[in-house]
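Remember, predicted model here, so these are calculated numbers, not experimental data. One-based numbering, in listed order, for ligands and for the atoms of each.
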Amino acid sequence: MSWLKSDASGDLLKWGMDTLTHLRKLGLFSARVPRYTSYPTAPVFSTATGASFQTKCMERLDPSEPVSVYVHIPFCERLCWFCACRTQGTTSLAPVERYVDASIAELDLWRDALPEDLRMGRLHWGGGTPTIMTPAMIHKLGAALRAALPAAAPFEFSVEIDPTAVDAAKIAALTAEGMTRASIGIQDFAPEVQGAIGREQSFEATQRCVDMLRDAGITSLNTDLVYGLPHQTEERLAETIEQVLALNADRIALFGYAHVPTMAKRQTLVDETALPDDEARFHLANFAALRLRKVGFEQIGIDHFARPDDSLSVAKRAKKLKRNFQGYTDDTCPTLLGLGASSISRFRQGYVQNASATAAYLKRIDAGQLAGHRGHFHTAEDRLRGRAIEMLMCEFHIDLDILEEEFGAMVSILGPIHDAVLRKFPGLVSLREPVLAIAPQGRPLVRMIAHCYDAYTPYGVNYSKAS
Ligand code: SF4
């Protein structure tokens, strides 16, 4: 690849090699740690914190602060082998219709607990495949959401779109309901890779979908790519990246494939012998990052890239970037309400996750109960550690002055952790008061460094590889 060899920021390759060497020395090459989209992470949640905690948190919301809402649609027309999302395959629309009705009933239960006049600043429909819904279902759900939580100004509504399960009528329905941003899953366009992950999606079908979105007036477009897939090579990934660039997306997420068949049974269909080894995987990630930076994307945290004028890049430069369950966000709403099976709500006081299995979720809603069944009450120390982890994941440093302003003398409990991090990652992390910073060549290790601040999670087989 000539552009790779001639790139002026070729230091990334050297940093990549330094980091690789360091990981090997530490015996952490294949370490598995969380992605830290929350702290603590969902496996830590307990059934001792459920619907009654959810009710109290909802009742105490300040109506002057808009909330974000996430809606989970756990159905797909196809089940891709690599995917670990909470979803189920269906060839019939009957269970989807039933689920949409249950989600609307859940909104009615919310209305009993939420303060009047609460507004919605952000809305995201994810899954699963939200575009499995018919236009009539989209309108029904959209109207119920608007009735429960009118839109604040400004309002952003993003939807995950499967190009193989959408048409102009569904896009028109979503646009009429206020969709402002579309997110398209791609992963890799190479037929060899798609065949090995049980997901066919041609570039032409994706292009048609993007054209329909543009025709409908959608200007904000996200795409998702995945590295570390079976039969993926630099050449194939390079070709996919060129095709994605032709789609002219504003944001590209580049996630590492997390092969955890013990957790995601579908992944047992993935041929493990065709997966790139740890070193190849590491190079794939660097290779893609370098190309995206070369064509003008800003790197956002560990796995997002955005055009310089995109709101995510603006938030990064303003040091206002946050982590949420979708990854990086510029969303400033302090509260996230999760609607639907397995959705997680984030309150100032802690997290609550709805019943995960669709059947269990429907049973609770039919019984007239809020669906929260497990969660976590935040202690002051959780909030402090979570804030430090979020700073690392978003900005690759911890500003101790900001932590002290927010948490006072309690910040001192992090002192021994800083010392341990400096010992464990020599030359890659520095502490020059008031900032503990990860050097550029240490950034691929950020999840492992963040893990040192996690009081709950051991290294585990159920998380993705950190490199
Ligand atoms: S990748 Fe998308 S379409 Fe495939 S199983 Fe996962 S959620 Fe469903």
Side-chain angles (χ1 to χ4, degrees), residues 35 37 42 70-93 95-96 99-100 103 124-134 137-138 158-167 170-171 174 181-191 193-203 205-206 208-210 213 221-232 240 244 247 249 251-261 263-271 275 303 325-327 338-344 354 356-358 361 464:
R35 287 195 161 110
T37 53
Y70 171 78
V71 179
H72 190 67
I73 307 295
F75 297 97
C76 296
E77 287 174 0
R78 56 177 174 177
L79 287 179
C80 314
W81 305 341
F82 78 102
C83 177
C85 292
R86 282 237 170 236
T87 188
Q88 61 193 74
T90 181
T91 51
S92 156
L93 284 172
V96 184
Y99 181 85
V100 169
S103 302
H124 182 84
W125 290 6
T129 306
T131 50
I132 199 171
M133 288 188 286
T134 61
M137 291 181 209
I138 289 168
S158 49
V159 183
E160 293 170 18
I161 308 255
D162 181 343
T164 69
V166 77
D167 55 28
K170 290 181 183 184
I171 289 175
L174 288 167
R181 180 177 288 279
S183 183
I184 297 184
I186 290 173
Q187 332 316 343
D188 192 311
F189 279 125
V193 177
Q194 292 191 355
I197 60 172
R199 179 190 169 90
E200 276 179 33
Q201 180 181 319
S202 68
F203 172 73
T206 310
R208 272 196 300 278
C209 172
V210 171
L213 288 163
L221 185 69
N222 299 7
T223 55
D224 288 352
L225 298 181
V226 175
Y227 70 87
L229 292 171
H231 297 298
Q232 201 172 39
T240 291
V244 169
L247 298 174
R251 296 180 192 171
I252 298 173
L254 176 70
F255 298 117
Y257 170 53
H259 188 67
V260 280
M263 295 285 287
K265 295 284 177 246
R266 289 194 292 277
Q267 292 183 350
T268 53
L269 296 167
V270 172
D271 177 5
L275 290 172
D303 50 19
F325 297 105
Q326 274 81 53
L339 189 84
S342 80
S343 291
I344 299 176
N354 279 356
S356 294
T358 305
Y361 166 77
S464 60

Check whether any side-chain N or O of Asn354 sits under 3.5 Å from a backbone N or O of Gly340 as a donor-acceptor pair, and report yes or no. yes
Residue-level breakdown please: for Arg199 versus ligand 1, do any non-hydrogen atoms fall below 4.0 Å on the side chain, on the backbone, on both, or on neither?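 Contact part for Arg199 vs ligand 1: side chain (C-beta onward).
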CD1-OG1 distance between Ile344 and Thr37, expressed to the nearest 0.5 angstrom: 7.5 Å
Polar side chain donor-acceptor pair, Thr129 to Glu77, under 3.5 angstrom: no
Partners of Tyr70 by ring-ring contact (aromatic ring centres under 6.0 Å, His included), sequence neighbours excluded?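 If we apply the ring-ring contact (aromatic ring centres under 6.0 Å, His included) test to Tyr70, skipping adjacent residues, the hits are His72, His124.
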Measure the shortest side-chain to side-chain distance between Thr131 and Leu174 over non-hydrogen atoms and say whether it is less than 4.5 angstrom.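 Heavy-atom side-chain distance check passes, below 4.5 Å.
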Compare all side-chain heavy atoms of Ile197 with those of Asp188 and state whether any distance is below 4.5 angstrom. no
Which atoms of the protein, restricted to N, O or S, are nearer than 2.8 Å to atom 8 (Fe) of ligand 1? Cys76 SG
